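Values reported hereafter were calculated over all heavy atoms of this structure, with side chains retained and with hydrogens, waters and symmetry mates removed. None of these values were measured; they are calculated from a predicted model. Residue numbering restarts at 1 for every chain, and letters A, B, ... go by the order of the sequence lines.
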Amino acid sequence: MRSGSTLEKVLKAGAFAVTAELGPPKGADAQVIIDKANILKGHADAVNITDNQTAIARMCSMAAARLVIDQGLEPIMQMTCRDRNRLAIQADILGAAALGVKNLLCLTGDHQSFGNHPQSKGVFDLDSITLINMVKDMRDVPAFQCGEEITMAPELFIGAAANPYADPFPFRAIRLAKKVDAGIDFVQTQIIYNVEKFEEFMAQCRELGVSERCHILAGVAPLKSAGMARYMKKRVAGMDVPDQVVERLSSATDAQDEGIDVCVEVIERVREVEGVAGVHIMAVEWEESIPEIMKRAGLKPGSASL
Amino acid sequence: MIVTKPKPFRKIKQFTDPHENILVVGCNTCTAVCLAGGEKEAEQLAARIRLHRRRQGLGGSVETVTVLRQCEHEFNEEIAEMVEGRDLLLSTACSIGPQALAERYTGVRVAPAMNTNMLGMVKEHHVWSEYCVACGDCGIYKTGGICPIARCAKQLFNGPCGGSQGGRCEISPDVDCVWQQIHDKMVSLGLEDDLKKIMGPKNWSWSNHGGPRTLKKEGFQP
Ligand code: SF4
Ligand code: SF4
């Protein structure tokens with residue numbers, strides 16, 4: 001065991017893992033986190049705590065992660081390279097580990113021009129891959145990036161993101177392989193609607209031995225409306241929403257219900273793909289949909305069977 | 001070269017209105033080549049300021065002089081007589097120029113008429129693109145002769161982020177994804193295996209993050 005986290009135990013036991021997402025509020029209200037944690041508890045093995053997602057300033061992921069732990073739910077703390085240099089990142093990692101965080105998701109981060117402080121200075125001292133490498137060395141050597149010894153290593157299960165829909169497509173599996181080489185234990189993919197393309201990506205991953213060396217969680221998300229589907233298709237870089245999905249939502253009498261059905265179908269299909277170790281359900285600001293998705297998909301968190 | 005862009009005239013007015021005897025100092029190197037602050041542009045700017053001052057009933061004088069290279073004291077020395085009696089030197093050089101003037105002519109206030117944008121290349125007539133941020137440790141041998149530090153919005157070292165789409169950067173459809181270009185170039189050179197290697201964290205201490213830099217050529221006496 002690298003971290004002893006529930007997520008690690010589930011994946012190492014070969015159980016199908018379920019992770020979800022919990023976005024901290026744009027305010028200091030701990031109750032928001034507590035309420036969301038209680039919706040998700042029992043439905044996920046661990047939940048991602050986003051880090052200033054889409055470059056919008058929010059409560060920090062470390063504090064939110066601790067609040068989630070206090071509710072008896074396991075956090076996957078997200079860490080981006082956009083807002084901190086390597087000093088701040090290492091300090092936060094040690095602090096997070098001291099507060100009981102056991103899973104860390106390493107990201108480059110969306111560019112600051114997307115968020116609510118487009119005038120800010122992006123840091124990008126490291127990129128996701130050099131960040132992963134640094135965290136691995138902090139845990140395994142254990143040493144800081146400069147080589148100095150760490151007295152007590154942060155025991156972390158290291159994760160990353162992968163986007164099968166970004167370009168250039170032939171490089172996507174290779175880039176994930178670089179993340180594996182750099183030291184990840186698990187990966188969560190971008191939201192999948194185009195399952196065929198995801199299958200192609202997975203075939204490349206298997207060929208590169210990626211699926212044997214790290215646990216791959218397929219990203220899924222329920223669409224709330226046809227408008228949201230269209231927005232994601234057109235405006236979100238690196239998203240692939242097939243026309244037929246948009247059509248299904250626009251012609252449905254109950255778009256939310258249809259959105260959940262689409263999500264459940266994707267889950268059923270990706271479960272069958274060789275090398276998929278779990279799903280990551282991103283129901284941002286729609287956490288209540290998760291119990292329903294799990295029910296319709298006949299899913300239980302992997303930890304329920306341990 | 002250093003690419004400069006004239007400041008909006010409303011800014012120029014803020015700088016010049018409170019002054020009486022203004023000397024617009026052009027520079028005939030980079031800023032002249034990018035058609036922003038050479039002799040001709042300095043004269044045009046002076047004429048515009050004069051017109052504005054006449055309309056506003058502001059007195060005083062606005063004259064022009066252009067030096068070959070404002071980033072060298074040797075050339076700025078030549079305008080000492082012209083500077084005599086002025087209370088503002090408005091420089092149309094890149095931002096090194098007005099600082100050089102401030103250093104040489106310590107008793108006179110200096111203002112920049114330009115914004116220094118980038119170290120760029122002429123892509124086509126009247127179009128420049130950023131190619132370098134002077135990081136001090138050029139690594140483009142490994143990236144197909146294309147710089148990801150200056151030309152990737154996130155300064156990535158290890159390949160395109162998840163926002164790269166159709167050759168465009170996630171920040172805007174008008175911006176190329178330089179990592180797509182690096183990828184294609186390396187593939188065309190048969191060097192794609194190089195991109196599979198992990199590039200370690202960059203040493204930023206050679207860049208401006210290491211503090212202001214001074215370069216001394218060894219073996220030369222000042
Ligand atoms: S690697 Fe550094 S020196 Fe080389 S082009 Fe890029 S910014 Fe300039
Ligand atoms: S889309 Fe390309 S250029 Fe833009 S930040 Fe990502 S890798 Fe860099």
- chain A shares the most heavy-atom pairs under 4.5 Å, among B:Gly159, B:Gly163, B:Ser164, with B:Ser164

- What is the distance from atom CG of B:Asp184 to atom CG of A:Asp167, rounded to the nearest 0.5 Å? 10.0 Å

- Message: I need the residue from A:Gly122, A:Cys81, A:Ser113, A:Pro168 with the largest number of non-hydrogen atom pairs under 4.5 Å to chain B.
- Response: A:Pro168

- Task: First locate atom OG1 of A:Thr130, then atom CE of B:Met199, and finally report the distance between them rounded to the nearest 0.5 Å.
- Result: 10.5 Å

- Task: Answer with side chain, backbone, both or neither: which region of A:Met134 has an atom nearer than 4.5 Å to a non-hydrogen atom of chain B?
- Result: neither

- Item | Region of B:Lys202 in contact with chain A, defined by heavy-atom distances below 4.5 Å | backbone

- Item | Residue A:Gln244 excluded, over 12 heavy atoms near CD under 6.0 Å | no

- Is it the backbone or the side chain of A:Arg172 that comes under 4.5 Å from a heavy atom of chain B, or both, or neither? side chain

- Query: Is it the case that more than 12 heavy atoms not belonging to A:Lys233 sit under 6.0 Å from its NZ atom?
  - Reply: yes

- Query: Looking at B:Pro201, B:Pro173, B:Cys177, B:Ser172, which one has more heavy-atom pairs under 4.5 Å with chain A than the rest?
  - Reply: B:Pro201

- Hey, does B:Asn158 have a side-chain heavy atom less than 4.5 Å from the side chain of A:Arg175? yes

- Got more than 12 heavy atoms from elsewhere within 6.0 Å of NZ, B:Lys7? yes

- Message: Under the criterion side-chain contact (heavy atoms from CB on, under 4.5 Å), I'd like the reasoning laid out for A:Asp125 against B:Trp204: C-alpha separation, chi angles, the key distance, then a yes or no.
- Response: CA-CA 8 Å; A:Asp125 175 20; B:Trp204 293 108; 2.9 Å; yes

- Task: Would you give the length of the straight line joining atom NE2 of A:His111 to atom SG of B:Cys161, rounded to the nearest 0.5 angstrom?
- Result: 9.5 Å

- Of all of B:Gln155, B:Gln180, B:Lys154, which one pairs up most often with chain A through heavy atoms under 4.5 Å apart? B:Lys154

- Query: In terms of heavy-atom contacts, does CD of A:Glu207 have more than 12 from other residues, nucleotides or ligands at under 6.0 Å?
  - Reply: no

- For residues B:Phe157 and A:Asp127, report the shortest heavy-atom separation together with the two atoms involved. N-OD2, 2.9 Å

- Message: I'd like to know if the side chain of B:Gln165 reaches the main chain of A:Tyr165, judged simply by a donor and an acceptor atom lying under 3.5 Å from each other, with no hydrogens or angles considered.
- Response: yes

- Item | More than 12 heavy atoms of other groups within 6.0 Å of B:Arg104 CZ | yes

- Side chain, backbone, both or neither: which part of A:Phe169 has a heavy atom under 4.5 Å from chain B? neither

- Note on the structure: Shortest non-hydrogen pair, B:Lys196 vs A:Lys178, comes out as O-CG, 3.4 Å

- Item | Test log, rule side-chain contact (heavy atoms from CB on, under 4.5 Å), inputs B:Glu170 and A:Phe114 | CA-CA 9 Å; B:Glu170 71 170 24; A:Phe114 288 108; 3.3 Å; yes

- Tell me, for A:Asn163 versus chain B, whether the close heavy atoms (under 4.5 Å) come from the side chain, the backbone, both or neither. side chain

- Sort A:Ile174 into side chain, backbone, both or neither according to what part of it lies under 4.5 angstrom from a heavy atom of chain B. side chain

- Query: Above 12 or not: heavy atoms from other molecules or residues under 6.0 Å from CZ of B:Arg55?
  - Reply: no

- Message: Please classify the contact of A:Gln112 with chain B as side chain, backbone, both or neither, using a heavy-atom distance under 4.5 Å.
- Response: neither

